[in-house]
Amino acid sequence: WLPSKKSHSQPEQRSSDHRILKFLMQSLTVSFLNVCSLRRKTTEIQDFVAQRGIHVLGLAETWLKPAIADGELEIPHYKLLRKDRRNQHGGGVAFYCHETVTVKRRRDLESDLLEIIWLDLVLDNRTTRIGCAYRPPHMPHAYWEALENSIDAAATGPHDATVLVGDFNIDLSPAGNGPSAALKEIMSQSSLTNYVTSPTRVTATSKTMIDLFLSSIPIAGVCQNVFPDISDHCAIVAQLPFAPMRRRAEQTETRRLNRINWEAFRGDLHRNLSTQFQEASVDTMTASL
């Protein structure tokens, strides 16, 4: 028998939390933005992540220095992880990660030659390895070798997907005429696909696709948002599939031991069963029992 079903009225907050948890179990909303100075824009960033339901936000050109404490950049329910540019103005990369996602900083994958930060994001026992990079203009060719080494290192070890977001200052639009061959070769060798398809920075004189969202797994729902109060770069938002892997329900047949005919069972144990064990299958062996 099964217990009778009972209906329970749940508080509105618990119902809301359940819907949020269900959404979190299905996808991971990741965004990237060249913020062009984070310190004076934290209020706008807080509004953005709240409105769009962002779980992980990668930022480039944070323009932070070690003297600026994390407390000055705090956003409720988000953890800040940052890599500041040392001894020079500008640059820097960072992540804001929502408290519902388990995060591990992967400093072993980072390089002093690159403005790049790597994390492992764990949700529902699945791991996405994500990096955020900024490439200043006019970097020497050695930059690409260092980037390739960092991506190769990130591709090793147990994880379910690799994602790299960033501003590479390389125009990958069809009209782009910059030195994109090196970056495209790295993408090909690393099995990374760019899911940005339109210009991400538009000025009075140019339209360039320099902010990229690279992924080793197919992603959908990529969109670009313009926030002129924050940056002259578009914010890229994408949904990473993160649905839990469900096992198919299995049916099993059991015999209830409290209904055993013990007298018949003891009789079977005293029988000569040698002929049954000569049969080819278990079903044949037990058919006459």
Side-chain angles (χ1 to χ4, degrees), residues 27-36 38 45 48-49 51-62 91-97 114-119 121 128-137 139 143-144 147-148 150-151 154-155 161-228 230-242:
S27 64
L28 192 70
T29 305
V30 178
S31 181
F32 169 75
L33 174 66
N34 183 320
V35 69
C36 296
L38 173 61
I45 294 296
F48 168 63
V49 296
Q51 292 168 5
R52 295 306 305 267
I54 304 298
H55 301 113
V56 179
L57 172 63
L59 298 170
E61 289 206 80
T62 54
V93 289
F95 277 112
Y96 278 108
C97 299
L114 303 170
E115 292 188 63
I116 192 169
I117 181 172
W118 285 101
L119 308 177
L121 310 176
T128 295
R129 187 157 293 160
I130 183 169
C132 181
Y134 175 67
R135 173 188 174 271
M139 291 294 288
Y143 172 89
W144 299 115
L147 179 63
E148 184 175 15
S150 182
I151 294 175
T162 303
V163 173
L164 178 61
V165 299
D167 176 357
F168 294 89
N169 277 299
I170 294 291
D171 185 10
L172 287 191
S173 68
N177 55 9
S180 62
L183 178 55
K184 290 180 178 178
E185 178 64 20
I186 292 174
M187 291 166 54
S188 176
Q189 294 293 331
S190 305
S191 299
L192 295 175
T193 301
N194 175 39
Y195 286 88
V196 177
T197 58
S198 57
T200 58
R201 186 168 187 257
V202 179
T203 69
T205 58
S206 66
K207 297 181 179 181
T208 53
M209 194 170 75
I210 58 178
D211 304 285
L212 307 180
F213 200 111
L214 312 180
S215 174
S216 65
I217 59 172
I219 57 176
V222 179
C223 61
Q224 295 168 210
N225 300 266
V226 179
F227 297 97
I230 302 179
S231 175
D232 59 355
H233 292 248
C234 292
I236 305 166
V237 182
Q239 302 289 337
L240 270 64
F242 231 80

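Excluded from the calculations below are hydrogen atoms, water molecules and symmetry mates; all remaining heavy atoms, backbone and side chain alike, are included. The structure presented is a predicted model; accordingly, all values stated were derived computationally and were not measured.
With contacts defined as side-chain heavy-atom distances shorter than 4.5 Å, the pair Tyr96/Ile54 does not qualify. Counting only heavy atoms from C-beta outward, the side chains of Leu147 and Ile116 approach each other to under 4.5 Å. Looking at heavy atoms from C-beta onward, Leu33 lies in side-chain contact with Ile45 at the 4.5 angstrom threshold. Here the side chains of Pro199 and Thr208 are not in contact, with every heavy-atom distance at 4.5 Å or above. Two residues are said to be in side-chain contact when any heavy atoms from C-beta on lie closer than 4.5 Å; Leu57 and Arg52 fail this criterion.
Distance NE2/His55 to OG1/Thr128: 12.0 Å, rounded to 0.5 Å. Taken to the nearest 0.5 Å, the CG atom of Leu183 stands 11.0 Å off from the CD atom of Glu148. Rounded to the nearest 0.5 angstrom, Asp232 CG and Thr203 OG1 are separated by 8.5 Å. In this structure, Leu214 CG and Ile219 CD1 are separated by 9.0 Å, a value rounded to the nearest 0.5 Å. The CE atom of Met139 sits 7.5 Å away from the CG atom of Leu114 when rounded to the nearest 0.5 Å. How far CH2 of Trp144 is from CD1 of Ile186: 6.0 Å, rounded to the nearest 0.5 Å.
At distances below 3.5 Å, not a single donor-acceptor pair connects side-chain atoms of Asp171 with backbone N or O atoms of Ile210.
In this structure, Arg135 has no salt bridge (Lys or Arg N to Asp or Glu O under 4.0 Å) partners at least two apart in sequence or on a different chain. Residues satisfying the salt bridge (Lys or Arg N to Asp or Glu O under 4.0 Å) test with Glu61, not counting sequence neighbours, are none. Under the side chain to side chain contact (heavy atoms under 4.5 Å, CB included) criterion, Cys97 pairs with Val56, Leu81, Phe95, Val103, Leu119, Leu121, sequence neighbours left out. With sequence neighbours excluded, the residues satisfying side chain to side chain donor-acceptor pair (under 3.5 Å) with Ser150 are Trp118.
Heavy-atom minimum distance, Ser180 versus Leu172: CB-CD2, 3.6 Å. Across every non-hydrogen atom of Ala60 and Val93, the tightest pair is CA-CG1, 4.3 Å. Across all non-hydrogen atoms, the minimal contact from Asp167 to Phe32 is N-CZ, 3.4 Å. The two atoms that bring Leu38 and Val35 nearest to each other are N-CG1, 3.9 Å, heavy atoms only. Nearest approach of Cys132 to Leu164, heavy atoms of both residues: N-CD1, 4.1 Å. Contact detail for Glu115 and Pro136: the closest heavy-atom pair is OE2-CG, 3.7 Å.
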* Are Leu212 and Phe168 close enough, and set up right, to give a side-chain contact (heavy atoms from CB on, under 4.5 Å), and what steps lead you there? -> CA-CA 7 Å; Leu212 307 180; Phe168 294 89; 3.8 Å; yes

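The side chain to side chain donor-acceptor pair (under 3.5 Å) pairs that include a residue from residues 186-197 are Glu185-Gln189, where partners are two or more places apart or lie in different chains. Residue pairs meeting the side chain to side chain donor-acceptor pair (under 3.5 Å) criterion with at least one partner in residues 211-224, sequence neighbours excluded, are Ser198-Gln224, Thr200-Asp211, Asp211-His233.
Neither side chain, Arg201 nor Asn34, offers a donor N or O lying under 3.5 Å from an acceptor on the other.
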